[in-house]
Amino acid sequence: MDVAQPRASQLDGADDFAAAVEPHLPLLARVAGRLGPPGGREDVLQEALLRAWAHRRQFDQRKGPLLGWLLAIVANEARRAVGRRKQALPIPLTARVDDLESDERLDLAAATARLPERQRLAVDCFYYIGLSIAQTAAVMACSEGYVKSALSDARKHLRLELEQR
Amino acid sequence: MNYSDEHLHQLLQASGEHWRAAEPPFERFSVAALVRRRGARWWLNLSLGPAASVAVVVVVTVALVTLVVFGPLGPTGRPRPTATASMITEARAIELASQTVPADAVEVSAVNGRYNDVKPDPLFQPDAGDVNRIVWVVNFDLTVEICPPPVPPPQTSPPCTSQRGMRSVVLDSATGEVISQSFSAPPASPSQQPELTAAPVTAPPTMAWVVDQSSGISFERPSNWTRWQPNEHNPMNDGPLIYLSTDPLLPDCAVAPSATPHPPDSRGRACDWPLTALSANGVLVIWLTTRILQPLPTAGEPVDVNGTTARLQIEMPKPVGCAAIGADETLDVLVPIGQPTPLSNIAMVACLRGPDLSTSEAQVRAMLASARITP
């Protein structure tokens with residue numbers, strides 16, 4: 001992934017930007033779907049891509065791959081959208097559980113929703129969205145070590161919670 | 001049951017795979033077309049070199065200094081609304097706003113500026129995205145009829161009373177879209193203060209009303225509305241208490257199970273809305289508890305709910321709110337229910353679809369006025 005990294009100057013034109021971004025769309029959509037408000041995946045993704053387009057000259061390949069940069073923008077936009085939605089409609093938003101059949105998985109989803117925010121973000125990115133540790137670190141704007149630590153802490157929390165049931 | 005770290009890791013992986021498999025398919029779109037379509041947002045396309053950037057900064061600074069020293073931003077002036085090609089005129093704004101108020105309302109003023117600067121209620125906080133929106137605020141002097149809700153026979157409804165006040169209509173300066181409306185009445189002496197209850201009820205006289213209740217709230221509603229009570233909602237937690245609608249509600253649809261430990265239904269199903277779209281003149285009402293204390297809104301029309309004064313906010317639906325089910329208007333009330341109590345606030349959100357918004361609005365107002373909360 002991201003073997004040939006574009007430079008900022010290579011993202012100038014709309015077609016060049018699209019060519020660099022489009023291979024990552026499915027993964028970016030998954031981030032928007034998981035971290036954004038329910039039903040807001042496409043809106044979050046499009047708004048995030050417009051932000052990326054507006055700030056494309058700020059992308060610096062020396063700081064990391066394009067995908068990491070895009071993931072961080074989509075995650076930020078998703079959080080912003082959740083904040084806006086909380087204002088618009090006071091229905092609380094946390095993790096979603098879709099068509100779960102297993103009681104165990106249901107308990108797990110409920111316990112995950114109660115994790116501290118950073119731990120939950122790590123779990124969402126790594127386990128649910130399927131990002132690598134490095135990509136999760138890009139979303140969380142932290143080191144890979146921190147992600148591993150957050151995941152370990154999250155599993156401890158979850159274990160305690162599930163064992164109490 | 002005991003869980004090892006490895007077992008939990010595998011369980012999380014399986015849960016993640018399950019979630020990914022259940023995600024709705026993503027339809028790819030053209031990013032190039034997206035960014036070109038937004039080309040009207042010309043600033044997105046700016047790609048200036050250092051020299052050009054300096055030149056732009058110099059030009060903008062000179063222009064600002066000129067405006068401050070000689071122009072309308074100077075000490076003797078305040079920002080004057082000046083119609084530009086992309087802005088509707090004052091006359092047009094008044095014309096559009098007039099369509100939302102009774103014919104006998106008298107326009108008293110129209111102000112143009114940033115939403116945050118010209119908002120009708122200084123304490124009202126627009127959404128973060130709307131703070132810098134350029135809007136027209138058109139104020140009308142009008143008298144509203146305040147009527148108690150209809151009561152089932154053989155009782156007779158108390159008479160309506162009138163109250164004079166100011167209705168402020170906020171419109172987007174560029175599009176003329178009505179963003180919000182609010183009503184404020186001058187304070188009256190206790191002896192003169194009218195009872196603040198629901199306003200005009202224009203339900204057809206043949207409409208039957210029934211008393212309904214759910215988890216500590218009771219209210220009257222039109223008998224032809226359908227109801228759906230989420231599974232065993234514990235009002236100690238956040239979440240919907242009851243859904244009411246003119247449309248059929250999805251039978252197996254549980255609410256987003258965010259209000260932990262509020263679970264989805266017994267079959268593990270969950271959805272965000274209990275219907276996919278409102279039909280014409282449709283109404284969806286959600287009564288819900290919000291455990292987390294929210295600042296009570298100070299803008300909006302004062303209405304009496306459960307013996308306390310709450311603020312009814314009537315707004316255009318947000319894309320992630322009622323607009324998701326095709327509504328044209330949102331009514332939003334947050335009712336403080338006092339302490340000590342396991343509940344902090346009760347909220348009601350109503351999504352209305354046109355074209356006949358007034359009848360639906362009257363029914364929702366009547367239902368609100370009849371609500372009694374006994375946590």
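Proteins get letters first, then strands, A, B, ... in listed order; numbering begins at 1 in each. Only this structure's heavy atoms are used, side chains among them; waters, hydrogens and symmetry mates stay out.
The CG atom of Leu25(A) sits 9.5 Å away from the OG atom of Ser30(B) when rounded to the nearest 0.5 Å. His157(A) NE2 to Leu8(B) CG: the interatomic distance, rounded to the nearest 0.5 Å, is 12.5 Å. We find the NE2-CG distance between His18(B) and Leu108(A) to be 12.0 Å, quoted to the nearest 0.5 Å.
By the salt bridge (Lys or Arg N to Asp or Glu O under 4.0 Å) test, Asp328(B) is found to be paired with no residue, residues two or more places apart in sequence or in another chain being considered.
When every heavy atom of Ser15(B) is checked against every heavy atom of Tyr128(A), the shortest pair comes out as OG-OH, 2.9 Å. Scanning all heavy atoms of the two residues, the minimum distance from Ala32(B) to Ala18(A) falls at N-CB, 3.4 Å. When all heavy atoms are compared, the tightest approach of Asp5(B) to Arg155(A) is OD1-NE, 2.9 Å.
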Item to complete: Show your reasoning for whether side chain to side chain contact (heavy atoms under 4.5 Å, CB included) applies to Leu158(A) and Leu11(B).
Response: CA-CA 11 Å; Leu158(A) 292 173; Leu11(B) 193 59; over 6 Å; no
Worksheet entry | Derivation and outcome, side chain to side chain contact (heavy atoms under 4.5 Å, CB included), residues Tyr127(A) and Glu17(B) | CA-CA 8 Å; Tyr127(A) 286 111; Glu17(B) 278 167 21; over 6 Å; no
Worksheet item: Hey, mind stepping through Arg159(A) and Ser4(B) against side chain to side chain contact (heavy atoms under 4.5 Å, CB included) and telling me if it holds?
Response: CA-CA 8 Å; Arg159(A) 195 163 63 235; Ser4(B) 68; 6.0 Å; no
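A salt bridge links Glu23(B) to Arg41(A): one of the charged nitrogens lies within less than 4.0 Å of a carboxylate oxygen.
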For residues 136-153 of chain A, tabulate all N or O donor-acceptor pairs below 3.5 Å that involve a side-chain atom, not counting sequence neighbours.
from, atom 1, to, atom 2, distance (Å)
Thr136(A), OG1, Ser132(A), O, 2.8
Ser143(A), OG, Tyr146(A), N, 3.1

